[in-house]
Participant: 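There's a structure below that I have some questions on.
For clarity, every value in this text was computed on a predicted model and none was experimentally measured. The chains referred to below are lettered A, B, ... by the order of the sequence lines, with proteins before strands, and numbering in each begins at 1.
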Amino acid sequence: AQTVTQSQPEMSVQEAETVTLSCTYDTSESDYYLFWYKQPPSRQMILVIRQEAYKQQNATENRFSVNFQKAAKSFSLKISDSQLGDAAMYFCAYRDTQGGSEKLVFGKGTKLTVNP
Amino acid sequence: SAVISQKPSRDICQRGTSLTIQCQVDSQVTMMFWYRQQPGQSLTLIATANQGSEATYESGFVIDKFPISRPNLTFSTLTVSNMSPEDSSIYLCSVREGAFFGQGTRLTVV
């Protein structure tokens, strides 16, 4: 079964600085999707960024970018120019592309604090 | 894109009762997903709901406890039956391959 590991339960960053959140996963599949979600105290799960495994280029969305290392099964999220509104729980997730399943497998999350 | 309206946003229920959670999507979707997030934990998939067929439940979740309805392509309900304090969680629905989630329902069972 696929697993997703986030080894940092908590991280903190100064406003305007850069922080990197780690995620590793385990799968025997060659094609899949990886996601980072943000969950603020409002509980809403917000998709931050998505990476398709067959694409070598790292995904980028404004201040958010990923470092996808397929051989190492690593998928870290970099937040640049951190803002107070970035404070939230961040979840890494995995999804197969095979077999018709759209099931997401989530890591345990990293709580990000942004200090003014 | 898709906008999901999930209701209720929160509820406090007595043990032994049932609560039905609704998700309404502003566009037609083939599959809807129901997740549970226990306090301080990550999300776990309860079941996948396709319109016109029985929901598919993940290991550890059964239809008698979490009956699901999917009457059309824009709506689904999840019922948490015969509740106990262990059912206290956030319940979320999701569509479009995880791109969109409802606002979540915070359930407390006393």
Participant: Among residues 4-14 of chain B, which ones touch chain A with a heavy-atom distance under 4.5 Å?
Facilitator: B:Ser9, B:Arg10
Participant: For a quick test of reading the model, state the closest non-hydrogen atom pair linking A:Tyr37 to B:Ala99 and the distance between them.
Facilitator: OH-N, 4.3 Å
Participant: Considering only heavy atoms, which portion of B:Ile90 lies under 4.5 Å from any heavy atom of chain A: side chain, backbone, both, or neither?
Facilitator: side chain
Participant: For a quick test of reading the model, state the closest non-hydrogen atom pair linking A:Leu104 to B:Phe101 and the distance between them.
Facilitator: CD1-CZ, 4.2 Å
Participant: Can you tell me which portion of A:Gln39 sits under 4.5 Å from chain B's heavy atoms? Options are side chain, backbone, both or neither.
Facilitator: side chain
Participant: Quick one: does A:Arg43's side chain get under 4.5 Å of B:Gln37's, heavy atoms only?
Facilitator: no
Participant: Using non-hydrogen atoms and a 4.5 Å limit, figure out which bit of A:Tyr33 sits close to chain B: side chain, backbone, both or neither.
Facilitator: neither
Participant: Within a radius of less than 6.0 Å around CD of A:Gln83, do more than 12 heavy atoms belonging to other residues, nucleotides or ligands occur?
Facilitator: yes
Participant: Side chain, backbone, both or neither: which part of B:Tyr35 has an atom under 4.5 Å from a heavy atom of chain A?
Facilitator: side chain
Participant: Please check if the number of heavy atoms outside B:Arg15 that lie under 6.0 Å from its CZ is greater than 12.
Facilitator: no
Participant: Does A:Met89 belong to the same Ile/Leu/Val/Met/Phe/Trp/Tyr cluster as A:Trp36, with side-chain heavy atoms less than 4.5 Å apart forming each link?
Facilitator: no
Participant: Where along residues 44-61 of chain A does a heavy atom come under 4.5 Å of chain B, listed by residue number?
Facilitator: A:Gln44, A:Met45, A:Leu47, A:Arg50
Participant: Counting only heavy atoms from other residues, nucleotides and ligands, does the tally under 6.0 Å from NZ of A:Lys108 exceed 12?
Facilitator: no
Participant: Of the listed residues (B:Ser94, B:Gly102, B:Gly40), which shares the most heavy-atom pairs with chain A below a 4.5 Å separation?
Facilitator: B:Gly102
Participant: In this structure, are over 12 heavy atoms from other groups packed under 6.0 Å from A:Lys111 atom NZ?
Facilitator: no
Participant: Do other residues, nucleotides or ligands put more than 12 heavy atoms under 6.0 Å from A:Lys78 NZ?
Facilitator: no
